[in-house]
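What follows is one structure encoded as structure tokens, with my remarks underneath.
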Amino acid sequence: MSKKKLLVLTGGGDCPGLNAVIRGIYKAVKQQGDWELWGSIEAFNGLLAEPINIVKLNDENTAGIHVKGGTIIKTTNRGNPLSFPVQDENGNWIQKDVSDDLVQKIKSLGFEAVVNIGGDGSQKISQSLFEKGCPIIGVPKTIDNDLSATDLTFGFSTAVQIATDAFDKLVTTAESHHRTMIMEVMGRDAGWIALYAAIAGGAEICLIPEIPYKIENVLKAIESRYENGNGFVNIVVAEGAKEVDGDVVGTKANDEGDNHIKLGGIGNALRYKLEQLQDFAQIRTTILGHIQRGGTPIAFDRVLATSMGVKAFDMVQSKSFGKMVAFKNHQLEEVTLLSATESYNFIDKDHYLLQTARKMGVVFGD
Ligand code: F6P
């Protein structure tokens, strides 16, 4: 008897743990026996490509991948089937909705279910495809931890560990030189990586998108550490942080089909501004960038990612389509894609970790 076909894909920015999800699904599929697992290369692009670019997953190509960063089936920020970049007859790039063709193709290839591992953008795409009749299930991923339907996303804890390791190194050099070190971390519009790294590392100042800062408050906090002439300061700034009445620092992406604002540069902007306002502290900036997304996932993320993969296959078997796996109170749950994409997970002003940091004297600049 021929096996039922399941398709998995990874979309949007990569993050540590994607391969552990893929392996978790594969192992569960193999164990169950009635299904076979295929991967679409570069998210939906593999399905839309001519010739089609999909790969059958097996023991060989999934062996040991749970410890590997990235994704063995690749990913892209430029694969939204609802606004897909295609060239018109004059060679100009235009955006076209190819989602109906895509859903048709998934069916004609005999796939009975699709698991889309992705962030908020990918899960919004999943919801639209579900509405068009695609039997799809979401698995949330992002280092930013900005999905409100799940307490945590895999990849986040690894990113925090990477940021904390970097922070620890910056502390010793700040101390030796009596310098002020600014470390810029990722996170888009949420300050989770910054807040966790600031608490774990012991930062004096933490600037996050949820709390616009006043430069004079940041300066005052630095000044107070230099009063005896021997101070040093370590600042964590999230890429999406901004001054009160200011704007985020970034550039528009110039890749066809990618409409994101590329955040980045607030660390240097902050440094220049502080340098103009004082001369007692030498300031240096470190931008961690994509280092936070690469490499081996820590054990916690491997476990979370693997269990989410296995749960996704459970949901395939029970036909829980239009839903996403969520980690809630240390259990895995199913939530609708619609509710999962309704709102972002921002740091609430009453969040216990924000309160923890404030009560320890961490300055947020407000
Ligand atoms: O969403 C994950 C993330 O790494 C953000 O923290 C960051 O702003 C963005 O992706 C960078 O995206 P890109 O892959 O386009 O560089």
Side-chain angles (χ1 to χ4, degrees), residues 9-18 21 42-43 45 69-71 73-80 83 85 116-126 138-150 152-164 166-167 183-198 206-210 236-242 247-269 285-295 297 301 304-305 324 340-341 343-347:
L9 54 108
T10 49
D14 68 350
C15 92
L18 289 170
V21 182
E42 275 190 17
N45 290 359
T71 159
I73 50 175
K74 316 295 179 206
T75 187
T76 181
N77 288 333
R78 294 178 291 168
N80 182 353
S83 132
N116 189 7
I117 313 170
D120 63 300
S122 301
Q123 301 313 339
K124 280 183 184 141
I125 295 170
S126 299
V139 175
K141 71 85 220 178
T142 165
I143 62 163
D144 304 336
N145 202 36
D146 59 358
L147 283 156
S148 59
T150 182
L152 277 176
T153 49
F154 63 84
F156 167 67
S157 302
T158 302
V160 168
Q161 190 59 54
I162 292 167
T164 305
F167 186 89
M183 183 176 88
E184 179 182 314
V185 298
M186 283 185 163
R188 287 208 71 82
D189 303 317
W192 292 109
I193 299 176
L195 179 61
Y196 270 70
C206 177
L207 305 176
I208 57 176
E210 292 87 343
V236 182
V237 59
E239 62 180 2
K242 53 181 181 293
D247 220 340
V248 290
V249 180
T251 48
K252 187 168 168 346
N254 52 8
D255 294 338
E256 276 316 322
D258 183 353
N259 299 320
H260 278 105
I261 297 286
K262 300 282 158 211
L263 294 174
I266 182 70
N268 278 326
T285 303
T286 301
I287 301 171
L288 291 191
H290 293 78
I291 283 175
Q292 295 157 96
R293 269 173 37 183
D301 278 339
L304 182 59
M324 187 186 85
T341 52
S343 59
Y344 285 94
N345 180 26
F346 295 124
I347 302 172

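All values below were derived from every heavy atom in this structure, side-chain atoms included, with hydrogens, water molecules and symmetry-related copies excluded. For ligands, and for the atoms within them, numbers begin at 1 and follow the listed sequence.
Across A190 and N345, no two heavy atoms sit closer than the pair CB-O, 3.9 Å.
At a threshold of 4.5 Å between non-hydrogen side-chain atoms, the residues I193 and F156 count as touching. Counting only heavy atoms from C-beta outward, the side chains of I291 and I162 approach each other to under 4.5 Å. The side-chain heavy atoms of F154 and L18, taken from C-beta on, include a pair separated by under 4.5 Å.
Taking only nitrogen or oxygen atoms, main chain and side chain alike, I143 does not reach within less than 3.5 Å of ligand 1.
Residue contacts with ligand 1: D144 is included, with a non-hydrogen atom under 4.0 Å away. Under a 4.0 angstrom heavy-atom cut-off, G119 registers as lying outside contact with ligand 1. Residue contact check for ligand 1: H290 places a non-hydrogen atom closer than 4.0 Å to it.
Distances from atom 13 (P) of ligand 1 to the heavy atoms of K262, M186, E239 put K262 nearest.
For ligand 1, the atoms closer than 4.0 angstrom to any heavy atom of R293 are 3 (C), 4 (O), 9 (C), 10 (O), 11 (C), 12 (O), 13 (P), 14 (O). Interface atoms of ligand 1 facing G187, defined by a heavy-atom separation under 4.0 Å, are 6 (O). Annotation for ligand 1: atoms under 4.0 Å from non-hydrogen atoms of N77 are 13 (P), 14 (O), 15 (O).
Each of V160, D144, V185 was checked for a side chain to side chain contact (heavy atoms under 4.5 Å, CB included) with Q292, and the lone residue meeting it is V185.
Of the possible donor and acceptor atoms, one in the side chain of Q123 sits under 3.5 Å from a partner among the backbone N and O of G118.
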